[in-house]
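All chains are named by letter (A, B, ...) in the order of the sequence lines, taking the proteins before the strands, and each is independently numbered beginning at 1.
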Amino acid sequence: MNYWLMKSEPHVYPYEQLVEDGQTHWDGVRNYQARNTMRDSMKVGDLVLFYHSNTKPPHVAGVAKVVREGYPDFTSWDANGHYFDPKSSPDSPRWFMVDIAPVLGFSAIVSLPDMKGNPNLEGMPLLRKGQRLSVQTVDEVYFQEVLAMGGHSIEDVHP
DNA sequence: GCCAACGTTGGC
DNA sequence: GCCAACGTTGGC
């Protein structure tokens with residue numbers, strides 16, 4: 001079991017939308033490191049911190065889980081789409097995505113300032129200056145700590 | 001292969 | 001709106 005964090009801008013795709021949709025494909029990631037993570041490392045059942053970026057304050061909104069492992073991001077083939085990449089094709093896909101589903105929405109969000117102020121989260125990649133990766137790994141201890149800050153425990157999210 | 005220019009991310 | 005950090009592009 002691995003743990004991850006995925007960033008989304010809430011005015012584009014908030015956690016509540018994931019709840020409404022029941023499941024979604026995580027399209028549009030155009031960073032190689034994030035792609036590799038989704039293509040090679042994320043497994044069905046892995047848990048994901050759903051992070052809202054570019055909002056005040058930035059925060060973790062809840063927990064999601066991987067329900068489908070890496071497969072080609074077909075939005076890269078749509079010449080009229082926002083995520084079109086002429087160098088990607090069905091024969092030779094350049095970009096990959098996973099599907100996720102909601103697990104638990106935090107009753108109280110876990111804000112970035114609060115996370116920065118928690119010594120137990122010291123060393124968490126998300127809190128490093130200049131960290132821009134939209135899909136990143138989370139150590140289990142950090143995952144559990146964020147969960148605790150959100151008023152929950154690991155029993156609430158494990159099947 | 002270097003690196004300057006440029007574009008994007010995302011906190012503040 | 002600003003800008004630091006960082007990734008990508010493309011000329012050489």
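- We find that NE2 of A:His52 is positioned 17 Å from P of B:dT9, with the value rounded to whole Å.
- A straight line from NE2 of A:His59 to P of B:dG10 spans 14 Å, rounded to a whole angstrom.
- A close approach under 4.0 Å does not occur between any side-chain nitrogen or oxygen of A:Lys56 and OP1 or OP2 of B:dG11.
- Using cut-offs of 30° and 60° for the angle between ring planes, the A:Phe106 and A:His152 rings count as parallel.
- Going from atom CD of A:Gln33 over to atom C1' of B:dT8 covers 16 Å, rounded to whole Å.
- Within the model, atoms CE of A:Met149 and CG of A:Leu121 stand 5.5 Å from one another, a figure rounded to the nearest 0.5 Å.
- Between A:Tyr51 and B:dG11 there is a side-chain polar atom (N or O) within less than 4.0 angstrom of OP1 or OP2.
- Looking at residues two or more places apart in sequence or on another chain, you find a side chain to side chain contact (heavy atoms under 4.5 Å, CB included) between A:Thr75 and A:Asp27, A:Arg30, A:Asp73, A:Tyr83.
- Both A:Asn54 and A:Asn31 lie near DNA chain C, and the one whose nearest nucleotide falls closer to the 5' end is A:Asn54.
- Here C:dG10 presents its P atom at 6 Å from NZ of A:Lys87, a figure rounded to the nearest Å.
- Two residues are said to be in side-chain contact when any heavy atoms from C-beta on lie closer than 4.5 Å; A:Val63 and A:Phe50 fail this criterion.
- Taking a 4.0 Å limit (strictly below) on heavy-atom distances, residues 114-136 of chain A reaches DNA chain B at A:Lys116, A:Arg132.
- Checked against a 6.0 Å centroid threshold, the rings of A:Trp4 and A:Tyr51 do not count as neighbours.
- Between A:Arg94 atom CZ and C:dG7 atom P there is a gap of 17 Å when expressed in whole angstrom units.
- Sequence neighbours left out, the pairs with a member in residues 55-68 of chain A that pass side-chain hydrogen bond (donor to acceptor under 3.5 Å, both in side chains) are A:His52-A:His59.
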